[in-house]
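Notes follow the structure.
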Number of protein chains: 2
Amino acid sequence: MEENKHVTIYDIAERLNLATSTISRALKDHHTISDKTIKKVKKTAEEMGFVPNTLAAGLRGNKTKTIGVLIPTVTQPFLSSLISGIEITAQKSDYTVIIMQSHDSYEEEVNMAKSLYSNRVSGVICSLAMETRDTAHFHQFSNNNIPLVFVDRVPKDYNTFRVVIDNYTAGYKATKHLIEQGCIRIAHITAGSELGNLYNERKRGYIEALKDHNVDIDEKLIINLNSVTYEDGVKASNALFDLDPIPDGLFAPGDILAVSAVQTAKKRGIKVPEEFKVIGFNNDPISQIIDPNLSTITHPAEKMGKAAAEIIIKNLKSSKNDDAKEITFLNTEVLARESTQK
Amino acid sequence: MEENKHVTIYDIAERLNLATSTISRALKDHHTISDKTIKKVKKTAEEMGFVPNTLAAGLRGNKTKTIGVLIPTVTQPFLSSLISGIEITAQKSDYTVIIMQSHDSYEEEVNMAKSLYSNRVSGVICSLAMETRDTAHFHQFSNNNIPLVFVDRVPKDYNTFRVVIDNYTAGYKATKHLIEQGCIRIAHITAGSELGNLYNERKRGYIEALKDHNVDIDEKLIINLNSVTYEDGVKASNALFDLDPIPDGLFAPGDILAVSAVQTAKKRGIKVPEEFKVIGFNNDPISQIIDPNLSTITHPAEKMGKAAAEIIIKNLKSSKNDDAKEITFLNTEVLARESTQK
DNA sequence: TATTTTTACGCAACCGATTGCATTTGTTGT
DNA sequence: ACAACAAATGCAATCGGTTGCGTAAAAATA
């Protein structure tokens with residue numbers, strides 16, 4: 001059992017008969033160190049298998065080159081793509097990413113925020129838990145000048161960076177697309193949520209599009225859900241199909257819901273898209289698997305991740321206390337596929 | 001701009017006129033500290049908004065209560081479920097999880113392993129990158145007594161913990177299922193990979209099942225891929241459908257491949273399962289979305305994650321140098337759905 | 001050659017929590 | 001009332017890089 005103690009700069013210093021400060025600077029190509037020494041140090045460090053202790057550096061400098069990511073779950077395609085984007089950008093600037101899942105629980109979110117703070121992350125990227133109504137647990141970051149970026153599910157009353165899509169416009173576009181495909185009784189599924197007002201926004205877009213195109217707004221066609229699981233979607237769809245007449249279109253604010261509607265329709269012998277057209281949201285992988293292929297709204301997950309990480313890194317570099325916490329809007333598009341074909 | 005400096009145990013000590021050692025111990029319910037003091041300290045800590053600095057503790061104790069996870073990507077359903085399992089277990093014991101993606105690149109894997117080591121993770125859970133042929137970059141963990149668990153895509157010649165399924169048996173079961181459903185010309189798609197020999201194992205199971213049931217082994221029905229993307233699957237399927245006669249069954253070692261085969265079949269007017277039965281692998285979400293629903297082999301991702309994390313934590317607690325690095329096998333099952341119905 | 005400037009490196013404090021050991025306070029026994 | 005012992009707390013070193021400041025050596029200038 002080789003119990004190699006970690007190699008430190010002290011070990012290198014001793015071997016080369018230099019001061020630790022010299023080693024430290026040499027490893028960072030500090031200009032006051034001669035090229036000869038730098039080469040010598042680096043070579044020796046390599047030979048001895050030196051790996052810097054991030055903790056020590058972080059403790060001393062009170063910064064860690066770590067970005068904390070706090071999201072509901074990693075298993076949703078949108079969120080795992082978001083992570084992917086964050087990670088790609090972070091890695092380019094040599095940042096490490098810590099990922100924590102709130103599982104949409106407020107309590108867990110509070111704990112994990114504390115844990116991230118405890119780990120002295122340099123910046124935080126967060127998509128709020130469904131349950132979250134209060135954002136006080138993020139003050140610890142704001143107050144200590146730790147850049148904080150909310151993504152997608154963002155609080156509306158918090159002065160910090162936000163990376164989002166324009167949910168209103170996206171909802172409008174989706175609904176307009178259905179209208180253009182000939183729908184006149186368009187249903188909508190929505191979900192209640194105080195802080196993450198994205199469903200409300202999508203609904204607003206839906207309503208406005210109906211108004212603008214003189215399509216009747218029928219409250220019976222709007223179903224309100226507490227969560228957006230497949231099962232909820234099935235229930236909502238069945239409720240819609242129990243109506244007489246059934247709606248001829250549906251704007252579902254998520255592909256899972258849309259897929260559940262398509263499958264429920266098929267089960268009940270309702271033809272998609274002939275009798276019932278559906279447009280989803282997110283462009284999840286399943287949207288291309290289902291038959292008929294699902295029309296949907298693109299949700300630029302990876303781009304959003306990259307944008308969020310870039311904001312953090314840029315902010316960390318400039319270290320100016322930019323009070324301007326801008327909101328970044330990314331584009332969405334209608335992806336017309338089979339499920340809304342005329 | 002409130003520039004709150006972080007509250008430390010020194011601040012608490014000063015306020016209460018106690019030594020930092022007392023504070024530190026009080027916060028951990030050390031038995032040598034009186035209940036009165038403990039309560040007082042905890043209350044004050046709470047009031048002052050104290051959050052322990054993980055870095056300082058980690059530096060001092062040379063342990064961080066952090067588990068490093070090094071996987072190809074977070075966007076695959078299997079891997080994101082794996083993470084989920086790891087996270088759930090880790091959280092129960094108050095461990096933090098750092099996730100890094102190798103993107104199936106050997107070079108990135110080497111770098112990130114170094115980064116994890118640099119961050120002094122307490123343990124490491126890894127699923128190897130496709131490219132990886134050499135595991136020397138994991139010695140730094142083994143040599144320093146940092147528990148290392150490989151999951152799913154594991155090296156065969158490395159004496160450390162491994163959590164896997166029995167790919168051979170799974171492949172055997174899948175193939176046997178097709179035979180039982182009446183298939184006699186069963187195709188198979190496989191992928192080359194030195195270290196992660198799981199495709200080879202699945203193929204072995206396929207071959208053995210054919211032999212055991214006196215079904216002809218036809219090399220033309222075995223397609224070898226370099227990667228397992230949807231596009232590759234389409235190519236492979238088309239190659240199979242170009243044969244005359246076409247195979248009547250396919251064991252695809254991944255649901256993406258299986259789905260691509262089903263869709264390709266449908267496009268070419270081949271009826272699934274009547275003319276062509278397919279069984280996949282993993283039980284990804286898409287397997288329940290596709291029409292017909294895909295028969296598949298369960299792959300207990302979350303369980304594997306939990307098991308891996310438990311091994312790490314258990315090992316860290318006992319701190320015995322267990323030389324017995326056991327291999328944990330988890331069960332798989334055939335999930336018979338529509339795509340293999342008689 | 002003496003003096004100023006530049007270059008290269010060393011010294012030591014520092015970050016914040018932990019912990020072995022020393023010390024003080026409190027309690028029990030006689 | 002005093003030794004003997006237990007309980008509660010303090011002291012100070014430690015983990016490993018980082019960095020401001022000081023200084024010796026080398027190079028440039030007078």
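Naming: A, B, ... by sequence-line order, numbering from 1 per chain. We use all heavy atoms of the structure for the numbers below, so side chains are in, but hydrogens, waters and symmetry mates are not.
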Q.
B:Glu108: which residues meet the side chain to side chain donor-acceptor pair (under 3.5 Å) condition with it, sequence neighbours left out?
A. A:Gln91
Q. Do B:Phe50 and B:His6 make the cut of ring centroids closer than 6.0 angstrom?
A. no
Q.
Check the phosphate of C:dT18 against B:Ser21, side-chain N and O only, distance under 4.0 Å to OP1 or OP2. Yes or no?
A. no
Q: Using atom CZ of A:Arg60 as one end and atom C1' of D:dG20 as the other, report the distance to the nearest whole Å.
A: 9 Å
Q.
Please determine whether a side-chain nitrogen of the Lys or Arg among A:Lys306 and A:Glu310 lies less than 4.0 Å from a carboxylate oxygen of the Asp or Glu.
A. no
Q | Spacing of A:Leu16 atom CG relative to C:dC9 atom C1', expressed in whole Å | A | 13 Å
Q) Among residues 24-33 of chain B, which contact DNA chain C at a heavy-atom distance under 4.0 Å? A) B:Ser24, B:Arg25, B:Lys28
Q) Can you check the A:Lys65 NZ to D:dG17 C1' distance for me, whole Å? A) 15 Å
**Q.** Carboxylate-amine/guanidinium proximity below 4.0 Å for A:Lys42 and A:Glu46
**A.** no
**Q.** Euclidean distance, atom CG of residue A:Leu59 to atom P of D:dT14 [Å, nearest integer]
**A.** 17 Å
Q | Backbone N/O of B:Pro155 and side chain of B:Arg162: donor-acceptor pair under 3.5 Å | A | yes
Q: Step through the shown structure and confirm whether more than 12 heavy atoms of other residues, nucleotides or ligands are within 6.0 Å of CD on A:Glu14.
A: no
Q. Of B:Asn17 and B:Gly61, whose closest DNA chain D nucleotide lies nearer the 5' terminus?
A. B:Asn17
Q: Show your reasoning for whether ring pair (Phe, Tyr, Trp, His ring centres under 6.0 Å) applies to B:Tyr158 and B:Phe150.
A: CA-CA 10 Å; B:Tyr158 199 118; B:Phe150 284 105; 5.7 Å; yes
Q: Mind calculating the distance between CD1 (B:Ile9) and P (C:dA17) to the nearest angstrom?
A: 5 Å
Q) Does anything in residues 36-58 of chain A reach DNA chain C, meaning a heavy atom under 4.0 Å, and if so which residues? A) A:Thr37
Q) Separation of B:Tyr10 atom OH from C:dC15 atom P, in whole Å? A) 9 Å
**Q.** Exam field: side chain A:Thr20 to backbone A:Tyr10, donor-acceptor pair closer than 3.5 Å
**A.** no
(Q) Between P on D:dA8 and CG on B:Leu18, what's the gap in Å once rounded to a whole number? (A) 14 Å
(Q) Without decimals, in angstroms, what is the distance between A:Ile23 CD1 and C:dC9 C1'? (A) 11 Å
Q) About how many Å separate OG1 of A:Thr135 and CG of A:Asp157, when rounded to the nearest 0.5 Å? A) 5.5 Å
